[in-house]
Protein chains: 2
Amino acid sequence: MPINMKSIAAQAGVSVATVSRALNRPEMVHPATREKILAIVEDLNYAPNRFAQGLSTGKTKLIALVVPTLNNSFFGQLADGCQSYLISEGYNLIIYSYEEYGHKELGIIHDIDQRMIEGLILSGSGFYLDTYQEMLNKIKIPVVLVENSPETTGISSVYIDDVAGMTMAAQYLINQGHKQIGIIAGPEKMLTTDRRIKAVRNVFKDYHLNLNEKHVIFGEYASLESGATALQKLMKNRKPPTAILAFNDILAIGALKAAIQLGLKIPKDLAIIGFDDIPMAAYYSPALSTIHSPSLDLGKHAARLLLEKLTEADAPIKKMLLPVELILRETT
Amino acid sequence: MPINMKSIAAQAGVSVATVSRALNRPEMVHPATREKILAIVEDLNYAPNRFAQGLSTGKTKLIALVVPTLNNSFFGQLADGCQSYLISEGYNLIIYSYEEYGHKELGIIHDIDQRMIEGLILSGSGFYLDTYQEMLNKIKIPVVLVENSPETTGISSVYIDDVAGMTMAAQYLINQGHKQIGIIAGPEKMLTTDRRIKAVRNVFKDYHLNLNEKHVIFGEYASLESGATALQKLMKNRKPPTAILAFNDILAIGALKAAIQLGLKIPKDLAIIGFDDIPMAAYYSPALSTIHSPSLDLGKHAARLLLEKLTEADAPIKKMLLPVELILRETT
DNA sequence: TTGTATGCGTTATCAC
DNA sequence: GTGATAACGCATACAA
């Protein structure tokens with residue numbers, strides 16, 4: 001016998017409607033019958049079928065998180081953060097890692113419709129500048145952006161203050177006397193890459209310094225190897241950099257490894273600063289100086305903002321800027 | 001106007017049943033009408049509502065993956081592997097990381113019922129020996145175990161040959177002349193921990209060596225710090241180990257860092273072998289010797305086995321043992 | 001080949 | 001307070 005409302009109702013000697021009310025609007029049903037129903041529910045460990053609920057109410061309590069890959073602690077933590085908040089609120093999370101999805105971001109939108117997903121957390125700045133707005137336009141459900149384009153109007157977003165972070169890092173290196181600073185950035189057309197590189201350029205301008213364009217290499221955020229090859233390329237310059245600003249810790253560690261292999265003394269010959277402060281950063285040897293960004297919190301706040309928009313009709317658009325710290329360890 | 005079967009049917013001048021058939025059993029509908037319907041479907045970019053489909057057919061095309069945490073590349077890759085296979089087959093994945101779920105494994109089961117999840121991939125050996133079987137008993141849907149208890153009967157499982165891996169690693173160290181070998185294991189009651197430690201004991205027995213019980217420390221798989229503290233504890237022994245066998249790369253890297261901080265020369269003073277071969281292992285400095293386990297494949301195979309059980313009525317129970325390699329880098 | 005009718009498990013709108 | 005009943009969007013057995 002299936003364990004559904006009908007069977008509960010039968011056992012309690014009431015109608016399904018009453019069972020439904022006992023669960024959703026307890027105050028509308030007589031205490032005595034309510035107790036009786038809830039006892040049976042408890043006893044049979046019954047829980048309403050979410051699909052039927054979804055069909056009936058239009059609310060599925062499903063949230064999607066879009067990340068580039070889970071093979072990076074930063075996004076892993078972000079996902080864990082979203083998860084823990086959403087679960088506590090009775091929601092479930094579907095994670096799309098679009099690198100495994102074959103970069104078919106639009107396929108994800110299709111899925112969202114089919115699954116009646118209620119809200120979307122877009123992370124990873126993996127959406128490129130030119131297709132980005134087009135994609136957002138096709139989405140009809142509430143969206144929260146994480147670490148993405150805060151300039152986008154009409155959309156709540158949570159992001160870390162990477163402009164402040166990059167600024168601090170660049171200023172620090174310059175104040176340490178570095179004149180040739182290599183930049184290992186993410187992919188060229190990505191939003192965060194764009195924003196961070198502008199921050200660096202501004203610092204250079206403030207200090208009346210020139211950013212050597214040959215010192216800017218675009219890599220892949222998820223690839224240690226791309227950090228390593230970037231460093232090798234940088235060191236081949238006629239005037240090789242004496243310090244590296246990497247746009248995330250993966251790139252930084254890749255570069256660090258390559259630098260060590262080249263026999264460079266860290267930080268004497270070459271200083272390196274990363275970004276994110278993944279757990280491994282503190283445990284690398286030498287420990288990586290980096291910008292700490294609170295990825296777990298990032299996830300929790302993103303989830304919270306999204307649920308606010310879902311449940312409060314007139315929830316305002318919010319832009320949350322999470323503070324960042326420059327952590328100086330052994331590579332500076 | 002909602003875009004559903006009814007509206008498609010109206011536009012095509014047919015009944016909803018015909019639309020449904022055109023989508024699911026194309027051969028049953030007249031080519032002409034089929035073309036007409038599919039054209040409209042294409043045009044409106046229509047896709048059937050999965051909830052309604054689920055309610056009607058009982059098939060939701062939802063699979064759940066249970067991991068301890070995503071804050072570990074091993075599980076991140078595993079998840080990505082599952083994801084990519086499932087997506088290609090039209091399924092979606094819900095990931096439960098139970099450390100964020102407050103270790104309420106049974107709560108997950110509840111969810112599985114509510115969401116009508118069709119199949120379950122259990123990973124991470126996070127389920128402890130004593131509650132494990134009890135949990136499995138409560139699950140009524142097909143389950144595939146990943147890196148878990150292959151002894152469990154009646155359940156397909158994919159696991160890496162960690163017994164072979166640990167054996168190779170232990171033999172290698174002994175053959176190198178190490179007599180005092182420290183073990184940094186996972187939590188004591190976990191299944192993989194148990195299995196791996198037995199493998200090590202067997203090697204010691206084969207070589208007529210004694211495993212000093214003071215040289216066995218139980219740590220946390222997800223914690224770099226626990227690897228570091230384990231090492232510190234080990235080195236305080238009257239006869240400190242000259243080699244370390246760590247049960248995953250996180251623990252190994254934590255230990256490595258602590259060893260370097262103690263001023264030990266690697267591998268002269270202390271050799272270290274990890275397990276998993278996460279991307280960072282090759283990029284650590286010194287590069288970590290470890291057992292390579294194909295985590296992405298692990299995910300794909302797990303997903304494949306699960307779908308086999310879901311779609312083929314008499315799919316046999318399979319136990320897949322993925323081969324493992326000992327990769328000797330700079331810490332041995 | 002196509003249409004009608006029923007059911008899937010809920011919620012919500014009515015009456016009672 | 002409670003019980004029928006329609007509706008949600010789709011699949012399918014049965015009729016035509």
> On DNA chain D, reading 5' to 3', which nucleotide is the first and which the last to sit with an atom under 4.0 Å from a heavy atom of chain A, could you check?
D:dG1 to D:dG9

> Holding to side-chain hydrogen bond (donor to acceptor under 3.5 Å, both in side chains), I want the full list of residues that pass it with A:N45, two or more places apart in sequence or in another chain.
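By the side-chain hydrogen bond (donor to acceptor under 3.5 Å, both in side chains) rule, A:N45 matches B:H110.
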
> Write out all pairs satisfying side chain to side chain donor-acceptor pair (under 3.5 Å) with one or both partners inside residues 46-63 of chain A, taking only residues at least two apart or from two chains.
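Applying side chain to side chain donor-acceptor pair (under 3.5 Å) to every pair that reaches into residues 46-63 of chain A, excluding sequence neighbours, yields A:R50-B:Q114.
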
> I need the full list of side chain to side chain donor-acceptor pair (under 3.5 Å) pairs touching residues 20-30 of chain A, with sequence neighbours left out, sorted by first then second residue.
A:S20-A:N24

> Mind checking what makes ring-ring contact (aromatic ring centres under 6.0 Å, His included) contact with A:F51, not counting sequence neighbours?
B:F51

> Salt bridge (charged side-chain N to carboxylate O under 4.0 Å, His left out) with B:E89: which residues, sequence neighbours excluded?
none

> Mind jotting down which residue pairs meet the side chain to side chain donor-acceptor pair (under 3.5 Å) criterion with at least one end in residues 304-313 of chain B? Sequence neighbours excluded, please.
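Checked against side chain to side chain donor-acceptor pair (under 3.5 Å) - neighbours excluded - the pairs reaching residues 304-313 of chain B are B:H301-B:R304, B:R304-B:E308, B:E308-B:K318.
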
> Counting only side-chain nitrogens and oxygens, does B:T18 get under 4.0 Å of the OP1 or OP2 atom of C:dT2?
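No, no such contact exists.
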
> With A:S293, which residues qualify under side-chain hydrogen bond (donor to acceptor under 3.5 Å, both in side chains), at least two apart?
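A:S293: no side-chain hydrogen bond (donor to acceptor under 3.5 Å, both in side chains) contacts found.
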
> Who pairs with A:S88 by side-chain hydrogen bond (donor to acceptor under 3.5 Å, both in side chains), at least two apart in sequence or on another chain?
none

> Can you tell me if B:D80 uses its side chain to pair, donor with acceptor, with the backbone of A:L70 under 3.5 Å?
yes

> Which residues pass the side-chain hydrogen bond (donor to acceptor under 3.5 Å, both in side chains) test with B:S73, sequence neighbours left out?
none

> In B/S/- notation, 5' to 3', how is nucleotides 6-13 of chain C contacted by protein heavy atoms closer than 4.0 Å?
-BBBBBBB

> Rounding to 10°, can you tell me the angle the first-five-pair axis of the helix from C:dT1-D:dA16 to C:dC16-D:dG1 makes with its last-five-pair axis?
50°

